[in-house]
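These notes concern the structure reproduced below.
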2 protein chains.
Amino acid sequence: MARSDQRNGGQLPVTPPTLADVAERAGVSRQTVSNAVNNPDLLRPDTLERVRQTIAELGYSPNRAARNLRTRTSSLIGLRFAPAQEGTANAAMDRFVHSLVEASEEVGYHVLLFPGDDEDPVVGYDNLLRSTAVDAFVVTDTYLGNPQAAWLSQQRAPFVAFGRPWDDDEARHPWVDVDGAAGIRLATQHLIDRGHTRIAWIGWRKDSPIGEDRRSGWTQTMHDNGLSTTGLASRVEDVVHSGAEAAAVLLDSARPTAFVCASDTLAMGVLHTLWIRQLAPGTDVAVVGFDDSQVAQVFPVGLTSVRQPLEDVAVEIVKALRALLSHQPVTERGVLLEPTLAIRESS
Amino acid sequence: MARSDQRNGGQLPVTPPTLADVAERAGVSRQTVSNAVNNPDLLRPDTLERVRQTIAELGYSPNRAARNLRTRTSSLIGLRFAPAQEGTANAAMDRFVHSLVEASEEVGYHVLLFPGDDEDPVVGYDNLLRSTAVDAFVVTDTYLGNPQAAWLSQQRAPFVAFGRPWDDDEARHPWVDVDGAAGIRLATQHLIDRGHTRIAWIGWRKDSPIGEDRRSGWTQTMHDNGLSTTGLASRVEDVVHSGAEAAAVLLDSARPTAFVCASDTLAMGVLHTLWIRQLAPGTDVAVVGFDDSQVAQVFPVGLTSVRQPLEDVAVEIVKALRALLSHQPVTERGVLLEPTLAIRESS
DNA sequence: GTGAAAGCGCTAACAG
DNA sequence: CTGTTAGCGCTTTCAC
């Protein structure tokens with residue numbers, strides 16, 4: 001019985017048709033069918049047409065495993081999927097992952113998710129790498145001291161980072177990042193344009209290079225506009241409670257009319273303090289957050305927030321990935337994208 | 001040159017070691033190495049030990065593609081990853097995906113993400129299925145009229161649904177769901193226990209079976225406690241604005257002292273109305289949402305919310321998947337899990 | 001218990 | 001432009 005006889009109604013065949021089935025049915029060799037799929041230019045138009053017809057009739061699709069084995073590729077991109085931290089507003093990961101899935105699909109890749117082992121952050125990468133389960137990785141958590149990028153580099157594993165190699169001058173891997181300082185400059189200038197002069201900053205602790213970078217956007221814009229920053233800054237942990245406290249302290253001491261925050265989480269804290277003090281956000285005191293999280297969007301008084309162009313980030317990452325995997329000469333090590341400002345009622 | 005000679009320092013070999021490399025080095029046949037990996041019981045303890053040692057030395061890991069080709073499996077679970085809708089509070093997907101990744105890993109599976117085509121919701125599934133890229137699917141959007149479940153059933157494709165087959169009595173596929181009505185019963189009873197008697201319901205339009213199910217939890221608990229529901233219910237779209245409007249109307253007409261909402265998004269609308277009217281959430285009027293989203297957690301006045309046990313859902317789904325893929329006799333078609341109530345200041 | 005042979009479905013290399 | 005040959009690395013028979 002020919003393989004193609006195993007089809008049954010509208011259902012999928014018991015065992016899907018193979019290249020050989022298509023070849024036999026179309027009266028060509030297997031290689032010709034392969035070419036019709038992968039190098040259509042090599043076929044005469046009429047042959048191509050006939051083969052394509054047969055492929056459609058049989059519902060043929062190349063077996064991934066066989067192709068992967070032969071080509072030593074998987075068309076899979078590995079991404080460690082860490083959960084959004086409970087109690088914080090940052091759900092940027094979700095948006096980014098979706099963008100990455102979309103962008104990958106465009107060029108024939110799929111995204112493979114794997115969990116992170118807290119004790120050994122490298123074990124997940126190692127397993128996938130050694131079993132050649134993925135072609136490359138996208139590394140998202142390039143925080144200070146993260147060993148993954150360095151480890152992957154040392155293994156000569158292809159990967160692109162979302163995030164600059166802040167602490168590592170030796171890093172030679174491609175990366176894509178969002179210019180946080182530029183985002184905060186946008187936010188600060190926006191507030192200045194609205195007439196504010198006493199604009200406070202609530203950011204993270206000093207050991208966060210991302211936080212310091214964002215902070216510099218505030219400092220710079222203030223100074224560029226001839227405004228003082230003295231006594232207007234606070235560095236706290238990234239939780240609502242800390243943001244609220246910092247806002248209370250600043251309101252009592254420096255009496256700012258506006259707050260720029262390193263995150264939406266902190267901005268929520270500010271809004272809480274305003275609420276307690278019967279101050280109207282946007283009217284009495286302006287507030288700007290960072291990440292344009294769902295919280296910013298859904299909050300009754302819409303929170304103005306810096307929005308990362310995650311869709312573009314994903315596109316750039318996939319672009320870099322392709323260059324990496326096709327061994328093209330690397331033109332640029334890093335790409336820095338500009339965020340935008342989602343303006344709402346809070347400013 | 002032997003393959004195993006291609007190792008170079010701590011780095012990954014240029015081309016990873018194969019079964020043959022391990023076999024040669026350990027002085028056994030390839031099959032024995034394969035057994036050491038897949039059927040260790042078949043080996044004599046000393047042989048097993050020697051082979052394992054060699055595997056460790058070489059850093060050998062079976063090539064996925066070859067194994068997949070041979071066993072006709074992929075150890076991959078396909079999941080269509082739809083983006084969280086902007087402007088709504090629901091980021092449950094994020095938490096669920098993470099739970100699924102974790103639960104899958106436990107049993108040797110990985111999660112493959114693919115995008116959804118709005119025009120043809122089936123095309124993504126079809127491609128992966130026909131190319132045997134995944135072993136099974138997890139279907140999350142089992143809304144009314146969703147063709148995917150029926151289509152996959154017809155294709156005899158293995159899949160488990162997160163969500164009941166509300167509209168389809170013919171459905172015979174395994175599913176896991178959360179008992180939304182029970183969650184709302186919990187919420188309503190909680191409010192009654194707090195002394196409320198005029199408890200309003202803000203839910204979705206009637207064509208949502210999920211919404212009607214949740215609503216029934218409210219109706220039932222009210223009636224069980226001898227309380228009237230007349231004039232206390234509203235059915236609107238799932239956006240903040242609608243929730244705010246509905247709350248305003250209800251406050252004017254029925255004067256409820258508490259609101260139970262079908263979603264955190266609607267609850268945010270209620271909170272907005274309370275804020276405008278200078279009513280204190282939790283003190284003047286109680287509010288309960290659904291999904292325990294980040295918004296509920298981060299909101300200055302913590303929003304009490306029904307929390308779905310997504311970690312358990314993932315575990316149950318993986319359990320069902322394994323049964324499905326090992327062709328075990330199916331014991332139960334569906335699993336219904338109980339949500340919990342995350343109690344915060346708003347109630 | 002261990003080893004030899006075969007082949008999963010595909011594509012790279014070459015011959016015609 | 002098309003066909004033939006070989007083999008990717010693994011696991012499933014089946015001998016020994």
Side-chain angles (χ1 to χ4, degrees), chain A residues 2-4 6 13-52 54-55 58-75 108 130-133 135, chain B residues 2-4 6 13-52 54-55 58-75 108 130-133 135:
Chain A
R3 294 287 304 284
S4 52
Q6 298 182 4
V14 176
T15 162
T18 72
L19 210 59
D21 296 329
V22 178
E24 188 189 348
R25 199 151 201 259
V28 295
S29 77
R30 285 158 49 202
Q31 182 53 33
T32 300
V33 180
S34 176
N35 282 337
V37 175
N38 302 307
N39 302 89
D41 299 343
L42 296 180
L43 300 205
R44 258 205 330 257
D46 57 330
T47 314
L48 180 58
E49 179 51 38
R50 196 170 77 247
V51 174
R52 283 200 165 145
T54 312
I55 287 176
L58 255 39
Y60 167 75
S61 187
N63 180 300
R64 289 310 296 196
R67 171 179 278 180
N68 293 350
L69 177 59
R70 188 63 241 237
T71 60
R72 294 171 172 285
T73 61
S74 65
S75 300
R130 289 215 321 269
S131 59
T132 60
D135 289 346
Chain B
R3 293 285 305 286
S4 50
Q6 298 181 6
V14 176
T15 162
T18 71
L19 211 58
D21 296 328
V22 178
E24 189 189 347
R25 200 150 201 259
V28 294
S29 77
R30 285 159 50 205
Q31 179 49 32
T32 301
V33 180
S34 176
N35 282 337
V37 175
N38 301 307
N39 303 89
D41 300 343
L42 295 181
L43 300 204
R44 259 207 326 259
D46 58 329
T47 314
L48 179 59
E49 180 49 38
R50 197 171 75 245
V51 174
R52 282 199 166 147
T54 311
I55 287 177
L58 257 38
Y60 167 74
S61 188
N63 180 298
R64 289 307 301 194
R67 172 178 275 181
N68 293 351
L69 178 57
R70 189 61 239 240
T71 60
R72 296 171 173 286
T73 60
S74 65
S75 301
R130 288 215 321 268
S131 59
T132 59
D135 289 344

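The sequence lines fix the lettering, A, B, ..., with proteins before strands; numbering per chain opens at 1.
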Review point. Between B:L19 (CG) and C:dT2 (P), how many Å, whole number?
Key: 15 Å

**Study point:** Whole-Å gap separating P (D:dT11) and OH (B:Y60)
**Key:** 6 Å

Check your understanding: Would you say C:dT11 has OP1 or OP2 under 4.0 Å from some side-chain N or O of A:R67?
Key -> yes

Practice item. Return the value, rounded to whole Å, for the distance between atom CZ of A:R30 and atom P of C:dG7. Key: 13 Å

Review point. Mind checking whether A:V28 and A:V33 have side chains closer than 4.5 Å, heavy atoms only?
Key: yes

Practice item. Nearest whole angstrom, please: distance from the P of D:dG3 to the CG of A:N35. Key: 10 Å

Check your understanding: Any idea which of D:dT4, D:dT11, D:dC8 is nearest the B:S34 side chain?
Key -> D:dT11

Review point. Quick one: on DNA chain C, does B:L48 or B:T71 contact a more 5' nucleotide (nearest heavy atom)?
Key: B:L48

Exercise for review: Please check if the side chain of B:T47 supplies one atom and the backbone of B:L43 the other of a donor-acceptor pair under 3.5 Å.
Suggested key: no

Exercise for review: Could you work out which one of C:dG1, D:dG9, C:dA13 sits closest to the side chain of B:R44?
Suggested key: C:dG1

Practice item. Establish, with yes or no, whether the OP1 or OP2 oxygen of D:dG3 is under 4.0 angstrom from a side-chain nitrogen or oxygen of A:T32. Key: yes

**Study point:** N or O in side chain of A:R72 less than 4.0 angstrom from D:dG9 OP1/OP2
**Key:** yes

Check your understanding: Does A:S34 use its side chain to pair, donor to acceptor, with the backbone of A:R30 at less than 3.5 Å?
Key -> no

Practice item. Starting from the 5' end of DNA chain C, give me the residue, B:T47 or B:R70, whose nearest nucleotide shows up first. Key: B:T47

Check your understanding: Given D:dT11, is OP1 or OP2 found less than 4.0 Å from the side-chain N or O atoms of B:N38?
Key -> yes

**Study point:** Backbone N/O of A:N35 and side chain of A:N39: donor-acceptor pair under 3.5 Å
**Key:** no

Exercise for review: Check the distance between D:dT2's P and A:L42's CG and give it to me in whole angstrom.
Suggested key: 9 Å

Exercise for review: Report yes if some heavy atom in the side chain of B:V37 is under 4.5 Å from a heavy atom in the side chain of B:P62; otherwise report no.
Suggested key: yes

Exercise for review: Would you mind reading off the distance between B:L69 atom CG and C:dT11 atom P, rounded to a whole angstrom?
Suggested key: 12 Å

Point to revise | Atom pair distance, as rounded to whole Å: CZ in A:R130 and P in D:dG9 | key: 16 Å

Check your understanding: Considering only side-chain heavy atoms of B:T18, which listed nucleotide, D:dT11, D:dG9, D:dT2, is closest?
Key -> D:dG9

**Study point:** Under 4.0 angstrom between A:S29 side-chain N/O and D:dG3 OP1 or OP2
**Key:** yes

Exercise for review: Would you kindly give the CG-to-C1' distance between A:N39 and C:dC10, to the nearest whole Å?
Suggested key: 13 Å

